[in-house]
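So you know, we letter chains A, B, ... as the sequences are listed, proteins then strands, and number each from 1.
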Protein chains: 2
Amino acid sequence: MPDEELLYDLADLFKVFSDTTRIKILYALFDTPRSVNDIAETIGATQSAVSHQLRILKQARLVRFDRDGRSLIYSLADDHVHTMLAQGMTHICE
Amino acid sequence: MPDEELLYDLADLFKVFSDTTRIKILYALFDTPRSVNDIAETIGATQSAVSHQLRILKQARLVRFDRDGRSLIYSLADDHVHTMLAQGMTHICE
DNA sequence: TGATTATATGAACGCATGCTCATATGTCAA
DNA sequence: TTGACATATGAGCATGCGTTCATATAATCA
């Protein structure tokens, strides 16, 4: 049985993936870096809602961003995110 | 971009993993099938709380059970669950 | 600098969710 | 069948969370 705190962290990680808006954001960035407004249009959500969720995704280190002029271009942090999504999707599609 | 409904299902799957009690249950069953009361003692939770969460884990097909006398012996449904947990843990520990 | 565009943030509201407590259901043993 | 044990379930409560709305911060361009 892993350490109590580790289990909390694990639950917290999965919690980040447990919201549809965040899942949509992650898929929007799956192979294309995008600005906040671009994400919002792509997934059909408010700029504010997207920004709030990006904050959570940033804290969990699932996304990163670079500045381009006045825009912030977000992308998936690393390949682990692809793997997590793919793993979950595999389980669903059985 | 995957189908809208698929994204909901994916979020729902992750949601099941996103609670500490359920994570503890899954780890308690990681390599040892256990009865409900055994689980409750192992993770330090109420029988009722465990039963409620087992219901959710069953619906998500993450656990299964066999009857042994008056006890129900729960175990992880398949190897996918191990993989999901391991994948998440790997991400945490980097 | 001032205006405009892009993003972030805070408060408030509504909804979902996990727990406890009490009780129901179900199974076995005598 | 009755009593005891094992698990499930329902109601009610408290907490957490995602959205919207309004506004703040930040950066670029004229």
Side-chain angles (χ1 to χ4, degrees), chain A residues 4 7-29 32-77, chain B residues 4 7-29 32-77:
Chain A
E4 176 94 7
L7 297 181
Y8 270 94
D9 291 344
L10 188 55
D12 281 342
L13 174 65
F14 284 119
K15 196 170 295 173
V16 180
F17 285 93
S18 73
D19 175 70
T20 310
T21 301
R22 289 193 290 268
I23 289 281
K24 286 181 183 174
I25 292 175
L26 293 175
Y27 265 105
L29 301 178
T32 314
R34 294 180 192 271
S35 71
V36 177
N37 277 320
D38 189 357
I39 295 173
E41 284 179 27
T42 302
I43 72 174
T46 303
Q47 176 270 323
S48 177
V50 171
S51 185
H52 277 296
Q53 299 310 326
L54 280 173
R55 184 164 176 273
I56 294 172
L57 291 169
K58 264 185 289 182
Q59 286 174 341
R61 297 181 191 174
L62 300 185
V63 301
R64 54 184 306 280
F65 65 93
D66 294 297
R67 180 171 287 284
D68 174 34
R70 352 187 183 189
S71 298
L72 300 181
I73 308 298
Y74 280 83
S75 53
L76 298 190
Chain B
E4 176 93 9
L7 296 181
Y8 270 95
D9 291 344
L10 188 55
D12 281 342
L13 174 65
F14 284 118
K15 196 171 296 175
V16 179
F17 286 93
S18 73
D19 174 69
T20 310
T21 301
R22 288 192 291 268
I23 288 281
K24 286 182 184 175
I25 292 176
L26 293 176
Y27 265 105
L29 302 178
T32 313
R34 294 180 192 270
S35 71
V36 177
N37 276 321
D38 189 358
I39 296 172
E41 284 178 26
T42 302
I43 73 173
T46 302
Q47 176 270 323
S48 177
V50 171
S51 185
H52 277 296
Q53 299 310 325
L54 280 173
R55 185 166 174 274
I56 295 173
L57 291 168
K58 263 186 290 184
Q59 285 175 341
R61 298 181 190 175
L62 300 185
V63 300
R64 53 185 308 281
F65 66 94
D66 292 300
R67 179 171 289 282
D68 174 33
R70 353 185 182 191
S71 297
L72 300 181
I73 308 298
Y74 280 83
S75 53
L76 298 191

Handout entry: 5' to 3' contact window, DNA chain C with chain B (heavy-atom distance under 4.0 Å)
Key = C/dT17 to C/dA29

Practice task
Give one of base, sugar-phosphate or nothing for B/I73, where a contact means two heavy atoms less than 4.0 Å apart.
Solution key: nothing

Problem - Min side-chain heavy-atom separation B/Y27-A/L10 under 4.5 Å - result: yes

Problem - DNA chain D-proximal residues of residues 11-22 of chain A, any heavy atom under 4.0 Å - result: A/K15, A/D19, A/T21, A/R22

Exercise for the section: Indicate yes or no for a side-chain donor-acceptor contact from A/R22 to the backbone of A/K15 under 3.5 Å, with no hydrogens or angles considered. Expected result: yes

Problem - Within-4.5 Å side-chain heavy-atom neighbours: B/L62 and B/F17 - result: yes

Handout entry: Evaluation steps, side-chain contact (heavy atoms from CB on, under 4.5 Å), between A/L54 and A/I39
Key = CA-CA 10 Å; A/L54 280 173; A/I39 295 173; 4.3 Å; yes

Practice task
For A/F65, report the nucleic acid contact type (base, sugar-phosphate, nothing); a contact means any heavy atom under 4.0 Å.
Solution key: nothing

Fill in the blank from the handout: Comparing nearest nucleotides in DNA chain C, the 5'-proximal residue of the pair A/R55, A/R70 is A/R70

Handout entry: Residue pair B/P33 / B/I73: nearest heavy atoms and the distance that separates them
Key = CB-CG2, 3.6 Å

Fill in the blank from the handout: Taken to the nearest 0.5 Å, the spacing of B/D9 CG from A/I23 CD1 works out to 11.0 Å

Practice task
Tell me which of B/Q47 and A/V50 sits closer to the 5' end of DNA chain D, going by the nucleotide each one is nearest to.
Solution key: B/Q47

Problem - From A/N37 atom CG to A/R70 atom CZ, the distance as rounded to the nearest 0.5 Å - result: 12.0 Å

Problem - Contact boundaries on DNA chain D for chain B, cut-off under 4.0 Å to non-hydrogen atoms - result: D/dA4 to D/dG10

Handout entry: Whether B/S35 side chain and B/D38 backbone form a donor-acceptor pair below 3.5 Å
Key = yes

Fill in the blank from the handout: Residues B/L29 and B/L76: closest non-hydrogen pair is O-CG, 3.5 Å

Handout entry: Criterion side-chain hydrogen bond (donor to acceptor under 3.5 Å, both in side chains) against A/Y74, the qualifying member of A/R64, A/K58, A/R34
Key = A/K58

Exercise for the section: Scan B/S71 against the nucleic acid and name what it touches under 4.0 Å (heavy atoms): base, sugar-phosphate only, or nothing. Expected result: sugar-phosphate

Completion exercise
The answer to which of A/H52 and A/R67 contacts DNA chain D further toward the 5' end, by nearest nucleotide, is A/H52

Fill in the blank from the handout: Correct closest heavy-atom pair for A/A11 and B/D19 would be CB-C, 4.0 Å

